[in-house]
Amino acid sequence: TTWHGFTRFLDAGKGSQVSGMSELKEYFNRFGYLPIPDENNFTDIFDKQFESAVIAYQTNLGLPVTGLLDSDTISMIVSPRCGVSDTKTHGTTFQATKH
Amino acid sequence: FSYFYGKPRWGRQAPVMLTYAFSQNNMIDYISLNDIKKVFKRAFSRWAQVIPVSFKEIEDYPSADIRIGFYYRDHGDGQPFDGVLGVLAHAFSPENGRFHLDASETWALDFETVKSRVAVDLESVATHEIGHVLGLAHSSVKEAVMYPSLSPRSKKVDLKIDDVNGVQALYGSNPNFTFSSLLASENSFNKGS
């Protein structure tokens, strides 16, 4: 849970393979960004589904949206937080409708 | 601001009054119960100032609308806590009322007296979780009380416009509330910063 423990992920993006990324995927699953894994996913590979999860996480938390495990994103991951899922929600901000 | 799926809220007839109680068996012992009660009273009052909902503490835990306790690790609700830092607390959407804090944290009322680097402000977390109890989900506005993360040794207790807009869309506005009072509070906060 410290920044130091996550430096190996720094700037990892789609296609990267980093030991321990499967645990990071569990974190994203815990807060609603990844579906419950089947036996083949939650590997250490930064796949397309994980990229979508990272983008959704960055968007929801008001971070720069890069799709990478950049320093802002890792800082947020190691920050203490509320245990309520971020994504089992609807109606964020105001919806614009064309009339 | 955002809501839980289905936009659940407490569907009582006006004037809405919700009761809360503290678990007798699941508390921390290094902060007096009296002090904990004062913190929660202040946290509830912040929300009560902006919506036509009042909160009353009662002794009878099982019958309270909102049931507050401190729990370690796996405590039976499918959302185990994880020790120091990580997840600090969680609360359930309306009209469930469960409000759980991680007993492993170093909870603090005052950072002058609690020097731990991992101390967490109880009032900030209480204010945030009450937002969930009322039906707000997480906000992407960093300054908002309903933003999901809180650094150790930091305090965020004043509702921001995003929090107020969200909760008032669920319950309406407290007739005594004015946005100018909130702006005055935010301006004074900014100057202080």
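None of the values given here were measured: they were computed from a predicted structure. So that the names make sense, note that chain A is the first sequence line, chain B the second, and so on, each numbered from 1.
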**Q** Taking atom NZ of Lys115(B) as the centre, report whether more than 12 heavy atoms of other residues, nucleotides or ligands fall under 6.0 Å from it.
**A**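 Yes.
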**Q** Answer with yes or no whether the hydrophobic clustering places Phe99(B) together with Trp10(B); edges join I, L, V, M, F, W, Y residues whose side-chain heavy atoms lie under 4.5 Å apart.
**A**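 Hydrophobic grouping puts Phe99(B) with Trp10(B).
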**Q** Which atom pair, heavy atoms only, marks the closest approach of Ser149(B) to Ser79(A)?
**A**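 That closest heavy-atom pairing would be CB-CB, 4.1 Å.
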**Q** For atom NZ of Lys37(B), is the number of surrounding heavy atoms from other residues, nucleotides or ligands below 6.0 Å larger than 12?
**A**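 Yes - once you tally the heavy atoms of other residues, nucleotides and ligands closer than 6.0 Å, there are more than 12.
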**Q** Identify the residue among Leu61(A), Asn60(A), Val84(A), Thr87(A) that makes a side chain to side chain contact (heavy atoms under 4.5 Å, CB included) with His138(B).
**A**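 Testing His138(B) for a side chain to side chain contact (heavy atoms under 4.5 Å, CB included) against Leu61(A), Asn60(A), Val84(A), Thr87(A) leaves exactly one candidate, Val84(A).
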**Q** Non-hydrogen atoms of chain A under 4.5 Å away: do they reach the side chain of Glu129(B), the backbone, both or neither?
**A**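 Answer is side chain: those atoms of Glu129(B) sit under 4.5 Å from chain A.
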**Q** Verify the cluster assignment for Val141(B) and Tyr147(B): are they in a single hydrophobic cluster under the rule of side-chain heavy atoms below 4.5 Å apart?
**A**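 No; tracing contacts between hydrophobic side chains, which count when under 4.5 Å, never links both residues.
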**Q** With heavy-atom distances below 4.5 Å as the criterion, would you say the side chains of Ser151(B) and Pro80(A) are in contact?
**A**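 The answer is no, as the side chains (C-beta and beyond) never meet within the 4.5 Å cut-off.
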**Q** With a 4.5 Å cut-off on side-chain heavy-atom distances among I, L, V, M, F, W and Y, is there a chain of contacts connecting Ile31(B) to Val125(B)?
**A**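 Linked, Ile31(B) and Val125(B) end up in one cluster.
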**Q** Taking the side chain as everything from C-beta on, heavy atoms only, tell me whether Leu63(A) gets closer than 4.5 Å to Lys142(B).
**A**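 Counting from C-beta outward, Leu63(A) and Lys142(B) do come under 4.5 Å.
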**Q** Got a second to check how far Cys82(A)'s SG is from Asp102(B)'s CG, nearest 0.5 Å?
**A**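 Nearest 0.5 Å value for the SG-CG distance: 11.5 Å.
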**Q** In terms of heavy-atom proximity below 4.5 Å to chain A, should Ser139(B) be classed as side chain, backbone, both, or neither?
**A**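 It is the backbone, since no side chain atom gets that close.
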**Q** Between Arg81(A) and His90(B), is there a side-chain heavy-atom distance shorter than 4.5 Å?
**A**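 SC-SC contact between His90(B) and Arg81(A) ruled out.
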**Q** Spell out, yes or no, whether Leu69(A) and Tyr27(A) are grouped together once hydrophobic residues are joined by side-chain heavy atoms under 4.5 Å, including indirect joins.
**A**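 Yes, it is one cluster - the side chains of Leu69(A) and Tyr27(A) are joined through contacts under 4.5 Å.
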